[in-house]
Structure formats: structure tokens, C-alpha cells
Amino acid sequence: MQSIERLKEIDRRWAERWSRERVFEADPDQRKKVFVTFPFPYMNGPLHLGHAFTSTRVDVYARFKRMQGYNVLFPWAWHLTGEPIAGAAERVKRGDEAQLRIFREVDGVPEEELEKFTDPEYIARYYIREAKKVLHELGHSIDWRREFTTTSLNPAFSRFIEWQYLTLKERGYVSKGTHPVVWCPHDASPTGDHDRLSGEGVSPTKFVLLKFPFEDAYLVAATLRPETIYGVTNMWLNPEATYARVRVDGEVWIVSTQAVPKLKEQKEGVESEGELSGAELIGRHCTDPVSGRKVLILPASFVDPDSATGVVMSVPSHAPYDYVALKELQQKPEVAERYGVRREELLGIEPISLIETPGYGEHPAIEVCEQMGIETQDDPRLEEATERVYRDEFYKGVLRENTGRYAGMRVEEAKDRLVADFTEQGIADVMYELMEEVVCRCGTRCLVKILKDQWFLKYSDEGWKAKVREALANMRILPEEARASFENTIEWLEDKACARKGGLGTPLPWDPEWKVETLSDSTVYMAFYTIAKHVNQGRVNGEKLSREVFDYIFYGKGSPEELAEACGTSAEVLEEMRREFLYWMPVDLRNSAKELIPNHLTFFVFHHVALFEPELWPRAIAVNGMISIEGHKMSKKAGNFITVRRALEEYGASVTRCALMYASEGMRDPDWSAKRAMDMSSSLSSFFRLVEELVDRKEWREEERNIDRWLRSRVQRHVREATMSLEEMRTRSALQAALFDFHNDMRWYLRRDVPHRETCMHALRVWVRLLAPFAPALCEECWSMLGGEGFVSTAAWPEFREEELSPEAEAGEELVMQTYEDVQSIISVTRMKPSRIFIYTAPEWKWRVLEEVQRQERREFSEIMQRLMQQPELRERGGEVAKVLQEMLKAEPKDVLRVRELEVLSEAAEFFRRAFEAEVSVYSAEDAERYDPQNRSARAMPLKPAIYIEK
RNA sequence: GCAGGGGUGGCCGAGUGGCUAAGGCGGCAGACUCAAGAUCUGCUGGGCGCAGGCCCGUCAAGGGUUCAAAUCCCUUCCCCUGCACCA
């Protein structure tokens with residue numbers, strides 16, 4: 001507890017110094033640049049650990065690259081576009097308790113602030129103010145001079161969006177269209193998934209309406225299978241339902257009363273002209289518009305007046321519901337007779353087959369119902385039966401002779417043609433319906449509305465997609481596994497509405513009642529960071545930034561002299577802005593959560609390729625998993641919402657950052673747990689304590705030993721691992737190397753021998769720098785204790801030095817470790833308390849045998865033996881050689897480095913002595929003077945010294 | 001349902017064909033301490049062994065390929081993300 005307070009104090013102190021000394025402000029210079037971005041957060045609440053996870057990844061990368069000597073820009077901005085902030089203000093005005101409670105209890109907004117939350121701008125300003133403090137304390141290396149907000153609250157940004165949309169439109173990427181949406185009649189706005197009480201994931205389904213002439217009107221059947229009209233035998237109406245006569249675009253339609261309000265949102269000039277009951281329609285006839293046949297209207301309980309038009313055409317050959325309902329009715333004709341249906345006519349109805357499907361006979365619906373034993377129209381399994389028949393017929397079915405011009409076509413291909421033809425002939429129309437009930441958050445049941453004259457981004461455009469694919473192919477995607485998701489998204493992406501009517505935002509320049517929608521105004525704003533700095537510094541009037549000015553800055557079009565005055569600046573400033581834009585662009589890394597791949601991150605690429613030349617296309621996108629808290633999804637509702645503020649209060653920046661970065665990498669979802677945060681806190685404290693101890697240390701060893709070469713070699717391994725991992729944003733692996741593995745080696749080093757000052761200090765200086773991107777403030781503290789120059793944040797990243805790797809030293813140290821374990825294992829098995837330990841290293845000739853084995857590709861005893869016997873010294877002891885060779889051939893082949901065993905183990909003797917509290921002697925097996933009462937030394941093998949222990 | 005990513009020891013997680021699993025946490029034992037904490041040391045799937053060793057088991061489940069599989073293929077189950085006008 002004490003130590004965590006100390007870490008927090010260090011974190012705060014250094015965050016202060018960084019901003020006081022403007023360490024992270026970045027301007028163009030001679031160096032190579034790296035431009036990293038985090039998707040600006042939406043400011044309707046405080047930053048939470050999910051934000052911190054992603055943003056810390058960006059910061060770690062920024063810090064890493066900065067230390068590598070790049071000129072790094074990490075800017076920040078705030079997203080205000082859209083409905084939620086405005087909606088929240090509205091709810092506060094209405095005194096909505098649930099909303100107030102969230103602000104108060106989850107976000108921790110003080111009462112005196114809450115009063116002012118009726119103003120959306122105030123809410124945004126409040127959260128921005130808080131979030132900025134939090135990011136500062138978290139130690140993010142942000143250049144705050146470039147900060148901005150979106151929407152018309154920031155005129156300069158609006159000018160930028162206007163430029164963007166005018167350009168997109170001019171280049172043919174924007175079009176006007178009409179589209180069905182899930183709509184709340186009460187809110188008078190589209191109802192997205194998150195705005196729903198129920199019906200998540202439900203989207204409009206397109207029904208084809210087939211108009212069956214009926215007296216002066218049309219009976220309008222809704223179907224998903226319009227091709228089956230060739231097999232129609234009768235119509236179904238629900239006798240309990242009420243139907244309406246509706247005027248639609250000059251015609252009179254008969255549909256269920258429930259369908260009328262739906263049609264009003266989807267069709268022109270819809271007016272109700274009176275009602276009639278289902279019962280009174282039954283028994284009468286309408287006309288099949290294709291064949292002109294008379295079609296009898298029959299009663300059916302399965303017909304749902306709430307679904308589409310409440311009128312169903314009956315195709316018993318291919319629709320299980322229709323078949324079962326017809327069979328039931330024919331078995332009890334008296335039911336139908338009550339509605340005035342003539343018995344003979346009813347009994348005379350026979351299924352008409354129109355699709356031929358491999359694996360089925362003439363009437364698939366009948367077959368399937370009989371197979372499944374379905375007897376009544378209320379049987380729930382009818383859904384499954386319908387699904388099966390539909391799917392098989394759709395993919396495998398072929399239309400029969402009785403389908404006129406469509407005969408012989410596959411259902412899959414005929415369907416669209418037929419609908420187009422029927423529509424042209426005035427027989428068919430469309431209606432959208434929700435297959436499940438959708439209820440808006442306001443409690444109103446939603447329906448489908450056709451939104452007219454909406455503005456769309458033409459993401460379906462093949463030429464556009466081709467450029468996006470090209471950009472993607474040249475981009476680094478981290479982790480690489482995420483690439484497939486991007487490719488997929490590009491594949492299925494269709495036109496996307498890009499403007500809305502409600503909420504905050506920038507009006508579309510050519511149609512100002514629409515505002516540019518949030519996912520659309522967040523696509524190329526990274527370019528704006530280069531401009532925001534100049535606007536914020538008052539060097540140019542942001543409100544007056546015209547399209548022509550942006551064209552100059554971004555494209556170099558026009559003359560700065562002519563443009564300068566109109567926007568309150570000089571040609572020099574405009575030229576500088578253009579240079580700055582060219583310097584920082586393109587974006588070198590954008591990082592976000594994987595949930596944004598199908599929208600924002602892909603749109604980000606779309607807009608870049610639409611607006612900029614390939615040199616300015618983004619270079620890399622990184623994605624990460626979604627944070628969970630103690631194993632559960634984080635949500636305000638669940639009450640496990642953790643703000644960054646709270647994490648900082650409890651653990652401070654260094655611990656929070658490291659705990660997050662160690663929680664996961666790649667696409668894996670990180671989990672935050674209080675326990676693991678505490679573990680991280682002890683790891684960092686322990687690191688810090690070690691640095692302090694060594695800085696204060698007085699006792700050092702003078703001469704250099706194998707253990708020092710070993711440590712230097714290990715240090716290089718960690719440098720290499722941390723560097724390579726960070727290049728790919730693998731923060732967990734990097735931290736594993738830079739904190740834990742490094743720490744373990746330091747522990748071993750200090751345990752093994754009195755440390756060598758230079759080696760030790762060298763290791764510490766590397767260590768502190770490797771850890772600096774993760775725990776920057778703590779490392780600044782250590783850096784200054786170690787006498788490092790300036791800030792560690794701008795110190796040089798340790799470069800991997802291959803020449804410092806020493807496989808020999810590592811092999812030597814492994815020999816020490818192995819020998820240590822062997823002694824230990826003997827002690828534990830024999831349960832003896834040793835007083836004297838003798839170690840015998842392998843004789844020279846055994847090494848020679850081993851080396852011969854390694855030289856030979858074939859591990860063939862006689863061949864190798866023959867070669868060995870050519871050496872006289874070995875020949876003398878042929879019997880022994882044979883035994884040793886056999887043993888070596890039994891072992892797994894592996895590369896072995898020659899180690900000066902006697903020297904290495906002698907150096908380690910003192911360590912063994914301390915560890916085992918016993919006298920330790922190291923001999924060569926060839927040493928004539930050795931003490932070896934049981935002749936153990938005979939068993940010494942290379943890298944496996946013989947051991948003899950006395951009680 | 002469709003698409004993408006996953007499922008490894010009590011827990012977090014390395015590991016993508018070859019000495020059957022890195023590191024951390026937790027647990028147990030010991031050292032230090034009046035004690036607790038911190039720290040250090042050893043053990044931590046099961047079994048056997050008074051000389052460094054051996055045997056068995058294990059990577060969601062089942063099947064297959066291979067001399068050899070956590071790793072490759074097939075099937076099933078489970079989890080995460082997305083499926084659009086939400087940010």
C-alpha cells in the first residue's frame with residue numbers, strides 16, 4: 001500500500017514536468033516522422049478502461065518510436081457528432097431519473113455541474129475537461145496544441161467537413177437514395193440496435209406484394225416467394241381479423257387494418273376507406289393476376305394480421321403451412337361451409353407443383369409434413385419445415401413448364417427477374433416488414449419507414465472498392481489475422497446513409513437540413529490535426545477556411561497569396577500549413593478495437609483513397625480486443641463500469657498502463673482485474689526497489705566473469721524481443737521481455753555473484769529504457785537516479801547489438817544452472833545434508849567424441865567409431881570411447897557449444913557453496929590430484945559434469 | 001443464420017509437427033522477523049526412486065493424417081466481435 005502511493009506520486013510528478021517542458025509537442029523537422037492516432041472518443045461520459053486500453057497501446061507505440069529517434073506526433077480530439085449528447089441533455093431537462101442516476105452515480109458528476117447538463121455543449125465541455133486531465137495523468141505523450149472538437153460547435157472543423165463532402169460529391173462518391181429503415185413513430189427517427197428495448201438485430205425484410213384483383217379492388221398478398229404464384233390454389237385470410245380498404249396511389253387495396261399504418265410509412269397517398277371483417281371476405285373469389293384463374297378465399301388461423309398485409313396466397317405444393325391448413329379444412333369442410341364456402345369447390349382444390357427439386361417428389365411441402373408428422377396449422381415445427389423446403393428449393397430448385405417464360409430457370413435466378421417483370425406489369429409491389437417485434441427505448445413499437453431522398457456514400461462502387469483493396473494490400477494490419485475481416489467488409493459493404501436529421505453535427509453544405517453523420521465525419525479528420533494547431537494558435541481564422549483554402553493545403557491547388565487575406569492570415573502561414581500537412585501525412589498507425597473493423601476503420605480507408613493520392617494513404621491499422629472487467633463485459637448497467645479516473649486513483653498511471661498492456665495483445669479480449677492490477681503494482685515496485693538498491697550499492701566485483709558476459713547477452717535478447725514485439729504492437733510479449741524476463745535475469749545475476757558495476761549499470765540503463773514506453777513516469781524517476789541525460793521519454797531506444805550476444809556465455813551459464821539443479825535433485829532424493837560437494841568436468845577426449853558425433857550427419861556407430869579410432873589418443877582407450885559414443889548416440893541430437901567447463905564451474909563454486917552451505921570443489925576428470933573416492937569422475941560427460949556428495 | 005477471432009495446468013496466459021507446456025499469479029514448505037507484510041529459496045498433474053532418473057496422464061469433445069500432434073484435416077460443443085444508419 002505504501003509502495004503504490006509512492007508510484008502514484010512519481011506518476012503525477014513526471015506528468016507535470018512533461019507538460020511544463022512541452023516534451024511531446026511535435027513540429028516538422030529534419031527527422032523522419034511517425035504519425036499515430038487514436039479514434040477520438042465520443043464525449044457523452046467519462047473515459048473508461050476500454051478507452052485507456054486502446055489509447056495506451058497508441059501511446060506505448062508513440063513513445064517507442066519517439067525513443068527510436070522518430071519525430072512522433074500523437075494528437076487528440078473529441079467527437080461530439082450525433083444524437084446521444086443531445087439526447088442526454090434532453091433527458092436531463094425532462095428530469096429523467098435513470099439518466100440522472102447514471103450521471104451522478106456512474107460518471108460521478110457533482111450536483112452543481114449536473115444542473116447545467118440541460119445544455120449539450122456544457123455536457124461535452126465538462127467531459128472533455130475531465131478526460132483531458134485524466135489523459136494527462138495517464139502519461140499520454142499527446143501534443144495538445146492540436147486538440148479540437150467536431151460539429152458546428154467548432155466552425156473550423158465544420159469548414160473541413162464541408163470541404164470533404166463537397167469534394168466527395170464532386171468526385172461522384174455521394175448519391176441520393178431511398179431506403180427502408182426501422183423507424184420509431186414517436187421519436188420520428190430511425191431506431192438503431194442500441195436504441196431498442198427489444199428486437200435487437202432485427203432489420204427490415206422485403207416482402208413482395210402480389211395484387212389479386214377482387215371486385216373493384218385488389219386483395220394484396222405478401223410473400224417471400226413470389227415465384228410460387230404459379231402454384232396458387234386459394235387465398236388465406238384470418239377470419240378473426242379485420243381488413244381495411246385502403247387507397248394506395250390511386251388503387252384500392254385490401255389488407256389487414258394493422259398493415260395500414262405500415263403502408264402509410266412506405267407508400268404515397270395512403271388513405272383508409274373503411275373496414276370489413278375477414279369472415280365476410282371468405283368464400284368469395286379473387287383473380288390470379290398471372291393466369292386469370294378464379295381463386296377461392298379460405299379461412300386460416302395461421303395468418304397473422306400483424307405480419308405484412310395479413311393476406312396470404314396458398315401454394316400447398318411448396319408451402320407446408322398452406323398444405324396443412326388446406327388439409328385440415330378439407331377434412332372438416334363444415335368449418336368452411338359456415339363462411340359460405342361451397343364444399344365441392346373446397347374439396348376440389350388440389351396442390352399445383354411448379355418447382356422441381358432434386359431429392360424431392362412432386363409436392364415437397366406434402367412430403368416434408370408427412371415425414372415430420374405435422375397435422376395441424378398450429379404446429380410450431382411448421383417453421384422448420386418451411387425453412388427446409390424454402391432453402392432447398394431456392395438453391396437447388398428449377399421452375400417447371402407451368403411457369404411460362406421462367407420455365408427451366410433456377411429459382412435463385414428467376415426470382416429477381418420475375419419480381420422486376422411483375423412490378424413493371426403492375427402486378428407486384430414491395431413492402432418491408434419486421435420479422436420480430438421491435439420496441440424503441442421510448443416504449444413505442446417500431447415499424448419500417450422508407451426514408452426518401454437520403455444522402456448516401458456509394459461504398460458499393462466497384463471502382464472505389466478496388467482502390468480500397470489496393471490500399472489495404474499495401475498496409476500493415478496488426479495483427480495480421482484481422483486482415484480477412486477488412487477484406488470481408490469491403491466485399492459486402494453497400495451504400496451507407498451519411499447524413500441524419502437529429503443530434504449535433506455539421507450540416508451538409510448543399511442540403512443543410514441534413515447533418516453529416518458521425519461515422520462519416522470521423523474518417524479523414526487526422527489531416528485536420530495539422531491545421532488545428534494553426535487555428536488554435538490564432539494564426540488563421542478557422543471560421544473563414546474556405547473550400548479553396550483546403551484545396552490548397554491538401555492538394556496544392558491555387559495560390560496562397562490570393563487565399564490568405566480571406567481567412568485572416570498570410571501566404572506564409574498557408575504555405576507552412578501545407579508543408580506541415582505534407583510532413584505529417586499519411587497516418588502511420590491507427591489503432592482501435594476490433595468491433596470497429598466493419599465500419600469506422602474500413603470507412604477510414606475508403607475516405608482516404610477517395611480524397612488523397614496513394615502516398616497519403618494510411619500505412620498501418622492495428623486492432624485490439626474488447627475489455628472485460630473481472631471476466632464480465634463492462635457496462636454502466638451491470639455496474640462494473642470502471643473509469644480511467646478511478647483506476648488512476650487506485651493504482652496510478654504506471655500500474656494501470658502496465659496492467660492493461662499485459663492483459664492481452666492481438667485480437668484477444670483483455671480482462672481487467674483488481675487482483676492482477678495489484679500484482680502489477682508489486683512487480684513494478686519490486687523493479688523500482690531493485691534499481692534503488694543497485695544505485696545505492698557500494699560493494700562491487702572488480703574482474704569480469706562469465707556471468708557478466710551472460711547478462712550482457714541476455715540483455716540483448718530482451719532488447720531484440722521487446723523491439724520486435726513493439727513493432728507489431730504485441731504489448732504483452734514486449735512487457736513480458738522488458739519487465740518479467742529481464743527481472744528474472746537480474747535476480748539470477750545478483751544471486752550468482754557479487755555484481756560487476758559496469759555490467760550491472762549497463763543492464764539497468766537498458767532495462768529502464770525498455771520499460772519506459774509502458775511505465776514512463778516510473779522510468780523517468782529511475783533514469784534520473786541512474787544519471788541518465790534528459791528525459792528517458794526522449795532517450796535513445798536501446799539498439800539490438802548482435803555482437804553482444806554470447807552463445808558461449810549462455811551455454812556456460814546453462815551448465816551452471818543445470819549443475820545446480822542436479823546437485824539439488826541428488827540432495828532431495830537422498831535426503832542428505834551435504835558437507836562436501838565435488839564436481840568433475842568431462843575430460844577433453846569426451847568433448848572430441850561429442851564433436852565428432854556432431855560433425856557427422858549420419859548417426860551411425862561404426863562409421864563414427866572408425867573415424868575416432870584414427871586419433872591415437874582415442875585409440876588408446878577404445879573401449880571407453882565406444883561406451884561413451886553409444887551413450888551419445890542414444891540422446892536426442894542437438895547443437896552443443898564447447899564450454900570451458902572447469903573455468904565456468906570454478907567461478908560458480910562460491911555460489912554453490914553459499915547455496916548448499918557446503919564445501920565445493922571443482923575438478924577436471926583428468927586431474928590426477930582430484931579427490932574422487934568413488935571414481936564418479938568417470939561418469940562426467942560434456943555439459944553433464946559428474947557429482948559426488950559427502951554427508 | 002452468416003462472417004472473422006478464440007477455447008492450453010487452480011487462475012492469467014506463452015507455445016502452431018519433434019527433448020509433452022515459457023513467464024506470472026495463487027497454493028504448500030523453509031529462511032528472515034517478536035509477529036504480520038515485504039523479500040529470498042525450494043516444491044506445486046499423478047506415481048515410483050536414499051545419486052542427478054523412470055513410468056503414466058494432460059492442451060473444449062470425438063474422429064482422422066503422421067514414425068511423431070496442443071500444433072495439420074474433419075465433425076460437434078462453447079465463448080468473443082460484427083451483420084449497418086449506434087457511437
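Each chain gets a letter, A, B and so on, in the order its sequence line appears, and its residues count up from 1.
Note: CG (Leu519(A)) to P (C83(B)) measures 10 Å, nearest angstrom. Atom-to-atom, CD of Glu814(A) to P of A22(B) comes out at 15 Å; the value is rounded to the nearest Å. If you take CD of Glu728(A) and C1' of A14(B), they are 16 Å apart, rounded to a whole angstrom. At whole-Å resolution of the value, CZ in Arg717(A) and P in G23(B) are 15 Å apart. Whole-Å rounding puts the Phe742(A) CZ to G24(B) P distance at 16 Å. Following rounding to the nearest Å, Glu487(A) (CD) and G5(B) (P) show an atom-to-atom distance of 11 Å. Between the CZ atom of Arg751(A) and the P atom of G42(B) there is a distance of 5 Å, given to the nearest Å. We find that CD of Glu887(A) is positioned 13 Å from C1' of G53(B), with the value rounded to whole Å.
Heavy-atom nearest nucleotides on RNA chain B were determined for Ala482(A) and for Leu596(A), and the one closer to the 5' end corresponds to Ala482(A). If Gly82(A) and Gln818(A) are placed on RNA chain B by their nearest nucleotide, the residue sitting closer to the 5' end is Gln818(A).
U71(B) makes up no base pair with any nucleotide shown, lacking Watson-Crick or G-U wobble contacts both under 3.5 Å. Nucleotide C50(B) forms a pair with no other nucleotide shown, judged by Watson-Crick or G-U wobble geometry with both contacts under 3.5 Å. As the counterpart of C40(B), G30(B) is assigned, both hydrogen-bonding distances of the Watson-Crick or G-U wobble pattern falling under 3.5 Å. Base pairing analysis places G45(B) opposite C56(B); the two distances defining the Watson-Crick or G-U wobble pair are each below 3.5 Å. With a 3.5 Å ceiling on both atom-pair distances, the Watson-Crick or G-U wobble partner of G10(B) is C25(B). When both distances must be under 3.5 Å, the Watson-Crick or G-U wobble mate of G82(B) is C2(B).
For the pair Phe740(A) and Met680(A), the tightest heavy-atom approach, listed with the atom from each and the gap, is CZ-CE, 4.0 Å.
Remark: the backbone N or O of Gly502(A) is not paired with any side-chain donor or acceptor of Lys515(A) at under 3.5 angstrom.
At A84(B), one or more side-chain N or O atoms of Ser203(A) fall inside 4.0 Å of OP1 or OP2 (strictly under the cut-off). Under 4.0 angstrom from either OP1 or OP2 of G53(B) there lies at least one side-chain N or O belonging to Lys944(A). Here Arg732(A) does not reach the OP1 or OP2 of G13(B): none of its side-chain N or O atoms lies under 4.0 Å away. The phosphate of A51(B) has neither OP1 nor OP2 within less than 4.0 Å of any side-chain N or O from Thr830(A).
Using P as the reference atom, G17(B) and A69(B) are 14 Å apart when rounded to the nearest Å. As rounded to the nearest Å, G57(B) and G52(B) have C1' atoms that lie 24 Å from one another. Taking atom C1' on both G45(B) and G9(B), the two are 7 Å apart, rounded to the nearest angstrom. Comparing the C1' positions of A87(B) and G37(B) gives an interatomic distance of 46 Å, to the nearest angstrom. A3(B) and U16(B) have their C1' atoms separated by 23 Å, given to the nearest Å. One C1' atom belongs to U44(B), the other to G23(B), and the distance between them is 15 Å to the nearest Å. Using P as the reference atom, C43(B) and A22(B) are 13 Å apart when rounded to the nearest Å. A gap of 34 Å separates the C1' atoms of A38(B) and G46(B), to the nearest Å.
In the set A84(B), A3(B), C85(B), C85(B) carries the atom at the smallest distance from any side-chain atom of Ala497(A). The Arg668(A) side chain lies nearest to G7(B) when the options are G52(B), C40(B), G7(B). The Tyr662(A) side chain lies nearest to G23(B) when the options are G23(B), G53(B), G6(B). The side chain of Phe740(A) approaches G24(B) more closely than any other nucleotide in the set G4(B), U41(B), G24(B). Residue Asp741(A) has its side chain nearest to G23(B) when only G23(B), A51(B), C80(B) are considered. Of the listed nucleotides (A38(B), A84(B), A51(B)), A38(B) has the atom at the smallest distance from the side chain of Arg689(A). Looking at the side chain of Val829(A), the nearest of the listed nucleotides G6(B), A51(B), A87(B) is A51(B). For Lys594(A), counting side-chain heavy atoms from C-beta on, the closest listed nucleotide (G5(B), U81(B), A51(B)) is U81(B). If you check C85(B), G4(B), C80(B) against the side chain of Asn488(A), the one that comes closest is G4(B). Looking at the side chain of Tyr820(A), the nearest of the listed nucleotides G42(B), C85(B), A87(B) is G42(B).
The aromatic rings of Phe40(A) and Tyr525(A) lie parallel to each other, their planes meeting at an angle below 30°, with 60° marking the opposite boundary.
Residue Arg676(A) is in sugar-phosphate contact alone, with no base atom involved, counting any heavy-atom pair closer than 4.0 Å across all strands shown. As judged by a 4.0 angstrom heavy-atom cut-off over every strand, Glu821(A) is placed among residues making no nucleic acid contact. Within the nucleic acid shown, Thr191(A) comes within 4.0 Å of sugar-phosphate atoms alone, with no base atom in reach, counting heavy atoms only. Base contact: Ile949(A) has a heavy atom under 4.0 Å from a base atom. Among the protein residues, Pro945(A) comes within range of the nucleic acid bases, having at least one heavy atom under 4.0 Å from a base atom. Using a 4.0 Å heavy-atom criterion, one finds that Thr518(A) contacts the bases of the nucleic acid, with or without backbone contacts as well. Asn744(A) comes within 4.0 angstrom of sugar-phosphate atoms only, judged by non-hydrogen atoms across all strands, and of no base.
A salt bridge links Asp669(A) with Lys594(A): the distance from a Lys NZ or Arg NE/NH1/NH2 to an Asp or Glu carboxylate oxygen falls below 4.0 Å. The residues Arg500(A) and Glu83(A) are annotated as not salt-bridged, no charged nitrogen and carboxylate oxygen being separated by less than 4.0 angstrom. Between Arg697(A) and Glu693(A) there is no salt bridge, since none of the side-chain N atoms of the basic residue sits less than 4.0 Å from a carboxylate O of the acidic one.
Between Phe774(A) and Tyr662(A), the distance separating the two ring centers is not shorter than 6.0 angstrom.
In this structure, Arg714(A) forms no cation-pi arrangement with Tyr749(A), as its terminal cationic atom is not both closer than 6.0 Å to the ring centre and no more than 45° off the ring axis.
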Thr150(A) and Asp521(A): side chain to side chain donor-acceptor pair (under 3.5 Å), yes or no, with the steps? CA-CA 8 Å; Thr150(A) 66; Asp521(A) 80 357; 4.5 Å; no
